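Here's the structure we're looking at; comments come further down.
Just the heavy atoms: all of them, side chains too, but no hydrogens, waters or symmetry mates, feed the values below. Here the structure is a predicted model, which is why all the values come from computation and not from measurement. FYI, the numbering just counts along the sequence from 1.
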Amino acid sequence: MESLIAKAKSIQEEALTAIEESKDLSALLEVRNKYLSKKGLVSSLMSELKTVDASARGEVGATLNMTRSTVLKAFEAKETLLHEEEIERKLESERVDITLPGRSLSVGSINPFYLIRDEICDIFASLGFHIVEGDDIESERYNFELLNMPHDHPARDMQDTFYLTNGLLLRTQTSAAQAHTLEEDLSKGPLRIVSPGKCYRRDDDDMTHSHQFGQVEGLVVGKGVSMADLKGTLALFVRKMFGEKRKIRLRSSYFPFTEPSVEVDVSCAKCGGKGCSMCKGTGWIEILGAGEVHPNVLKMGGYNPKEVSGFAFGVGIERVAMLRYGIDDIRRFYQNDARFLAGFHKED
């Protein structure tokens, strides 16, 4: 009995000394494994208890339990101390100097495509036009047929697009939204709308062409609407968009959904109409197509062309942005280059 108690005291003193001398948690873990694990020295004392006389086992067992409790408390106290010291060292080594300037977050810029789109819509909204946004995916009926382009019409070849299944396609023009509006307007009364959005056509990607591009198309329907109204509306739009000194001219053209049809040019801002490299010496730059709404389009939309008339126009968003900001390549709008976008900010 006395030899086991003495052994327990010796192991206790040895364990307490080892715990006290542990300089870090790694060293303390080795002490724990040596003395307090299932096969450690303290635990092994309990296995020797069976060699003690039955009359003395209670006293010896109490001594062994006290030894284990003492060593365990010392271990836990040391572990807590070493944890706190490690936290202090980390706080000291990882200290943040709050007097240093913080990291600033850069503010993004709006793509000029959306700046111009919103400005065009704002101009026409101020003239009483309603904004109507259609879907990028359309049916042939609304994209072609209701716009006076039946199945075998040659103008479809000029608007070859990306075809999906079940007669669906990616729209080639936002005029499809106009066809929807004409059909859904049950009152068949005066109508003024503009339709902004993306369009898609199979085309080569180069400095001036892209397989996707933006358009804002306008439509006015009512009694007595004439080409004079179209010219006055577009002249006002051009002055608001490009400056009060800009003029427009109309040239005969062809579009299947308007008759008569015109190309609309704006006087060159660089040379003032005198002729330069930008306008290729003509003094004019083409910006959009327009015309009187074709009677067939009015009929298919449920209107009586003998009672009402109208005009329509379509302007390319990138085209206007390139002229406004002097952008030399249409692909820049879609490259997501922060250096390019940084030069554009929305005006308050």
Side-chain angles (χ1 to χ4, degrees), residues 110-125 127 129-140 142-144 146-149 155-156 158-162 169-182 191-206 208-221 230 233-234 237-238 240-242 248 253-258 261-266 285-291 293-294 297 310-325 327 330-334:
I110 301 177
N111 192 300
F113 175 94
Y114 295 104
L115 289 175
I116 293 299
R117 182 202 64 179
D118 293 346
E119 185 173 351
I120 293 174
C121 290
D122 287 345
I123 290 173
F124 284 106
L127 299 177
F129 285 71
H130 296 284
I131 311 299
V132 177
E133 296 190 29
D135 298 323
D136 286 15
I137 297 177
E138 270 294 354
S139 66
E140 291 190 55
Y142 290 98
N143 193 78
F144 291 126
L146 292 181
L147 298 175
N148 203 35
M149 286 183 282
R156 288 202 184 193
M158 301 166 56
Q159 298 189 18
D160 196 10
T161 184
F162 300 90
L169 47 80
L170 296 183
R171 66 181 180 185
T172 62
Q173 54 204 355
T174 57
S175 302
Q178 299 179 15
H180 279 286
T181 304
L182 286 171
L191 191 67
R192 281 182 291 182
I193 63 168
V194 286
S195 305
K198 292 285 185 66
C199 304
Y200 308 85
R201 298 180 188 177
R202 192 178 69 83
D203 206 344
D204 295 328
D205 286 346
D206 56 32
T208 57
H209 298 84
S210 174
H211 65 278
Q212 78 168 24
F213 56 95
Q215 276 189 342
V216 176
E217 299 204 19
L219 174 68
V220 174
V221 176
L230 169 64
T233 300
L234 295 181
F237 161 69
V238 165
K240 286 181 174 291
M241 178 60 66
F242 296 105
I248 66 169
S253 185
Y254 168 76
F255 302 109
F257 32 81
T258 54
S261 304
V262 293
E263 298 283 359
V264 182
D265 302 331
V266 60
I285 298 175
E286 178 188 333
I287 60 167
L288 58 88
V293 179
H294 199 289
V297 175
F311 66 76
F313 58 87
V315 56
I317 297 174
E318 293 93 339
R319 178 70 168 166
V320 173
M322 292 172 77
L323 291 174
R324 166 71 76 81
Y325 299 119
I327 300 171
I330 194 173
R331 291 168 293 192
R332 295 185 184 276
F333 292 97
Y334 304 104

Main-chain N/O of M241 paired with R324 side-chain donor or acceptor, under 3.5 Å: yes
message: Can you give me the closest heavy-atom contact between D265 and E286, atom names plus distance?
response: OD1-CA, 3.1 Å
- prompt: What's the shortest heavy-atom distance between L288 and A290, and which atoms?
  reply: CD1-CB, 4.1 Å
query: So, the side chain of R319 versus the backbone of I287: is there a donor-acceptor pair under 3.5 Å, distance only?
result: no
statement: Those residues at least two apart in sequence (or on a different chain) that pass ring-ring contact (aromatic ring centres under 6.0 Å, His included) with Y200 are none
query: Heavy atoms, side chains only, cut-off 4.5 Å: are I131 and V194 in contact?
result: yes
field: K198 atom NZ, neighbour heavy-atom count above 12 within 6.0 Å
entry: yes
field: Listed partners of Y254 passing side chain to side chain contact (heavy atoms under 4.5 Å, CB included), at least two apart
entry: H153, P256
F124: partners by ring-ring contact (aromatic ring centres under 6.0 Å, His included), with sequence neighbours left out: F129, F237, F313
query: Are F333 and F213 close enough that some pair of their side-chain heavy atoms sits under 4.5 Å apart?
result: no
- request: Check whether any side-chain heavy atom of V320 lies under 4.5 Å from a side-chain heavy atom of F242, and answer yes or no.
  value: yes
query: With sequence neighbours left out, what residues match H294 under side chain to side chain contact (heavy atoms under 4.5 Å, CB included)?
result: N148, E259, N296, V297
- prompt: What is the minimum heavy-atom distance between N143 and M149, and which atoms define it?
  reply: O-CE, 4.0 Å
Counterpart residues, side chain to side chain contact (heavy atoms under 4.5 Å, CB included), relative to S261 (two or more places apart): F255, T258
query: How far apart are the closest heavy atoms of S195 and Q178, and which atoms are they?
result: OG-CG, 4.0 Å
task: Give the intermediate values and the outcome of side-chain contact (heavy atoms from CB on, under 4.5 Å) for residues V220 and T233.
output: CA-CA 10 Å; V220 174; T233 300; over 6 Å; no
Side-chain donor or acceptor of E133 paired with backbone N/O of G197 under 3.5 Å: no
field: Minimum heavy-atom distance between A312 and L219, given as atom pair plus value
entry: CB-CD1, 4.3 Å
task: Could you tell me which residues satisfy salt bridge (Lys or Arg N to Asp or Glu O under 4.0 Å) with D136, sequence neighbours excluded, listed by chain and number?
output: R171
field: Which atom of E263 lies closest to which atom of G289, heavy atoms considered
entry: OE1-CA, 4.1 Å
